[in-house]
Number of protein chains: 2
Amino acid sequence: MTSTRMAVRRRAHSGAVTLKDVAERAGVAPITVSRALNAPDSVSAALRAQVEEAVSALGYVRNQYAGALASAASRIIPVIVPSLSNAVFIEVIQGIQQVLEEAGYQPLLGNTQYDLDRESKLVATLLGWSPAGLIVAGMRHAERTRTLLRGYGRPLVEIMELGARPIDMNVGLSHVRAGETMGQHLVERGYRQIGFIGGRLKQDYRAAQRYRGLDQALAAAGLARRPPFEHDQKSSAQVGGNALMATLEAAPELDALFFANDDLAVGALLRAQREGIVVPARVAIAGFNGLEISALTTPPLTTIVSPRQQIGEIAARKLLGRIQGHASGPARIDVGFRLEVRAST
Amino acid sequence: MTSTRMAVRRRAHSGAVTLKDVAERAGVAPITVSRALNAPDSVSAALRAQVEEAVSALGYVRNQYAGALASAASRIIPVIVPSLSNAVFIEVIQGIQQVLEEAGYQPLLGNTQYDLDRESKLVATLLGWSPAGLIVAGMRHAERTRTLLRGYGRPLVEIMELGARPIDMNVGLSHVRAGETMGQHLVERGYRQIGFIGGRLKQDYRAAQRYRGLDQALAAAGLARRPPFEHDQKSSAQVGGNALMATLEAAPELDALFFANDDLAVGALLRAQREGIVVPARVAIAGFNGLEISALTTPPLTTIVSPRQQIGEIAARKLLGRIQGHASGPARIDVGFRLEVRAST
DNA sequence: CTGAAAGCGCTTACAG
DNA sequence: CTGAAAGCGCTTACAG
């Protein structure tokens, strides 16, 4: 007794409504549905209407994987940042998101946690999404990351800082010059014992660049140079307040403090107030970023304003420009910064 | 004269290294490479080594689209929030990201900008990624969104607030009770003319719920009830300061103000200080969220601490639990809140 | 303007 | 443990 068996091959099949279902209902070929959806003008009004009816009747949702696989093009743009707990990157991401979304692209967030090995793995994974382009914070990468990105060959923007050798495009500002500018300001104001406070400067190397700029300014003015007063915690107002107290105890001769960022500096300012330390009479305090709250403290904080959201917007626009094939200006854009002198110095 | 033409069909082809390339180099079938990568134990050590060599020699990166299409399973988890300019959602996202990433899932960020129509479109688009599950902030949705989500049938967590009828799972806290708790606190402290300040309460309906809770507490205490003092701007410290001044001018009889969130309340506190308005002697100030900085102002701010990052973590864990098929406790989790009484009231 | 065929790069379901 | 075949749901490249 032989039994005839039909080879019934079953596949995962999501059970979702497909193009084919829509096509059947509309009485057209699947490709026509595809056209009606992707290039409505290339289809007659009558068919377009039938397709639209079928799409909404069936609740059709395009399968992004099938589309991207078939066309070898995706609207994914990975955005790789070192941290999400820093307001700065959030604002950059906001700028990016706004621009990308309008153009129908999806940002895919990657968080390296200031770890270049993690970055490398992230990049490898994210390239599997055949992204139309990428945005990466920072210009320091593992060699392997660099190789991957170069080999990938699609548009890439490195953001936040400026570098001599971008892999492709570059949008940011010079943190060394920002630090130098603040240093010159403090010197001009007459401060003579100037210190820098920051955390994890090996990882947050842009903060280290600001320190370097400050140091150059101090050297140029013939003033005492000091290593940074470094702590080992994530920046926060609380940490800034503690750092202020610790530093003034360790080096009471200081008459001005440049904090690595406004989170720290605002915290220092609030702490000074609680402790009765008069700013700037006892010690001047300065920050970096230009967070909104820095203008509202008593005294308001002298800081350097960086155009964070704008960095995101410009980077996204440059990327889209290249993706869509039209030239988009120079490969390297210095967005600059602005020294905001307020009463804390 | 007839010419024979080979039908040379060309396709987009990304030019990237594929499984097939790896298989050829390793001298095995593509499916073996797939196995060596996805289930290493199912392949002999020798072949595994050959495959690994080929993968790294060629720099192979898995094509996520092909994989997801073939297996009808993706490791994408859309996370839909109403805003990115609010620190609260950032912290929630951080919690989610941490948990998802460890498990090898990718969050895909959607921003509704407090617009339920946008939300609906976003959900439709994001479902095209065949997500393994979804996380959505809020329990108010357009009917169409609800239909899409119900129809999709995969695990879903609605977060931030608690509702009687979650579509699937629910992780959050009761904003009405939070408002009520603050109201009772202010009443107990002896304040008698208590106002609520917030913006865009139609959209930010969770803030409106806190107002409602406050109003209930005032009613229960037999105190004067007032409509909220509403402005039309995004919450920020600057806006909070302005709202303080405007409200005290409009209603000088007020002796306590409950702000919709800490961004506003901290701004009000800083502004009061600059203007010489003594808190809480002239007017008490309270907030909601428990942002770090609220503890550092002078006076420090009385507020309600919500476990933001925890909401994200719990939501992500519950989702993964369901995705991976093991039960994961109750469908509804009240993460609670904590009244933090400080010197501003 | 419309369609039949082939293919994108994987994984599933069988088979041995 | 390993592999040949089929299929996931789209779009490209032709053809008419």
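Lettering follows sequence order; numbering is per chain, from 1.
Using a 4.0 Å heavy-atom distance criterion, Ala66(A) is classed as a base contact.
The shortest distance between the side-chain N/O atoms of Asn38(A) and the OP1/OP2 oxygens of dT11(D) is below 4.0 Å. Considering only side-chain N and O atoms, Thr32(B) lies under 4.0 angstrom from the phosphate OP1 or OP2 of dG3(D). OP1 or OP2 of dC10(D) has at least one side-chain nitrogen or oxygen of Tyr60(A) nearer than 4.0 Å. Taking side-chain N and O atoms only, Ser44(B) has a distance below 4.0 Å to OP1 or OP2 of dT2(D). Under 4.0 angstrom from either OP1 or OP2 of dC1(D) there lies no side-chain N or O belonging to Arg48(B).
Leu116(A) and Thr145(A) make their closest contact through O-OG1, 4.3 Å (heavy atoms, listed as atom of the first residue, atom of the second, distance).
Side-chain atoms of Leu69(A) lie closest to dC8(C) of the nucleotides dG3(D), dC8(C), dT2(C). The Arg62(B) side chain lies nearest to dT11(C) when the options are dT12(D), dT11(C), dG9(D). Nearest nucleotide to the side chain of Ser71(B), out of dG3(C), dA13(C), dT11(C): dT11(C).
Between Val28(B) and Ser34(A), the residue whose closest nucleotide on DNA chain D is further toward the 5' end is Val28(B). Map Ser42(B) and Pro30(A) each onto its nearest nucleotide of DNA chain D; the residue landing nearer the 5' end is Ser42(B).
More than 12 heavy-atom neighbours from other residues, nucleotides or ligands sit within 6.0 angstrom of CZ on Arg332(A). Heavy-atom neighbours of Arg118(A) CZ from other residues, nucleotides or ligands within 6.0 Å: above the threshold of 12.
Distance, Arg75(A) CZ to dC10(D) C1': 15 Å, rounded to whole Å. Protein atom CD1 of Ile31(B) is 11 Å distant from nucleotide atom P of dA4(D), rounded to whole Å. Taking atom CH2 of Trp129(B) as the reference point, atom C1' of dG9(D) lies 14 Å away to the nearest angstrom. One atom, NZ of Lys20(B), and another, C1' of dC8(C), lie 12 Å apart when rounded to the nearest Å. One interatomic measurement links the two molecules: CZ of Arg35(B) to P of dG3(D), which rounds to 9 Å at whole-angstrom precision. If you take CG of Asn63(A) and P of dT11(D), they are 10 Å apart, rounded to a whole angstrom. One can place OH of Tyr65(B) at 15 Å from P of dT11(C), the figure rounded to the nearest angstrom. Atom CD in Gln50(B) sits roughly 15 Å away from atom P in dC1(D) (whole-Å rounding).
No side-chain heavy atom of Gln50(B) sits under 4.5 Å from any side-chain heavy atom of Glu53(B).
For dA15(C), the paired nucleotide is dT2(D), the pair qualifying as Watson-Crick or G-U wobble because both relevant distances are below 3.5 Å.
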What's the verdict on side chain to side chain contact (heavy atoms under 4.5 Å, CB included) for Tyr152(A) and Ser130(A), showing C-alpha distance, side-chain angles and the deciding distance? CA-CA 9 Å; Tyr152(A) 190 59; Ser130(A) 312; 4.1 Å; yes
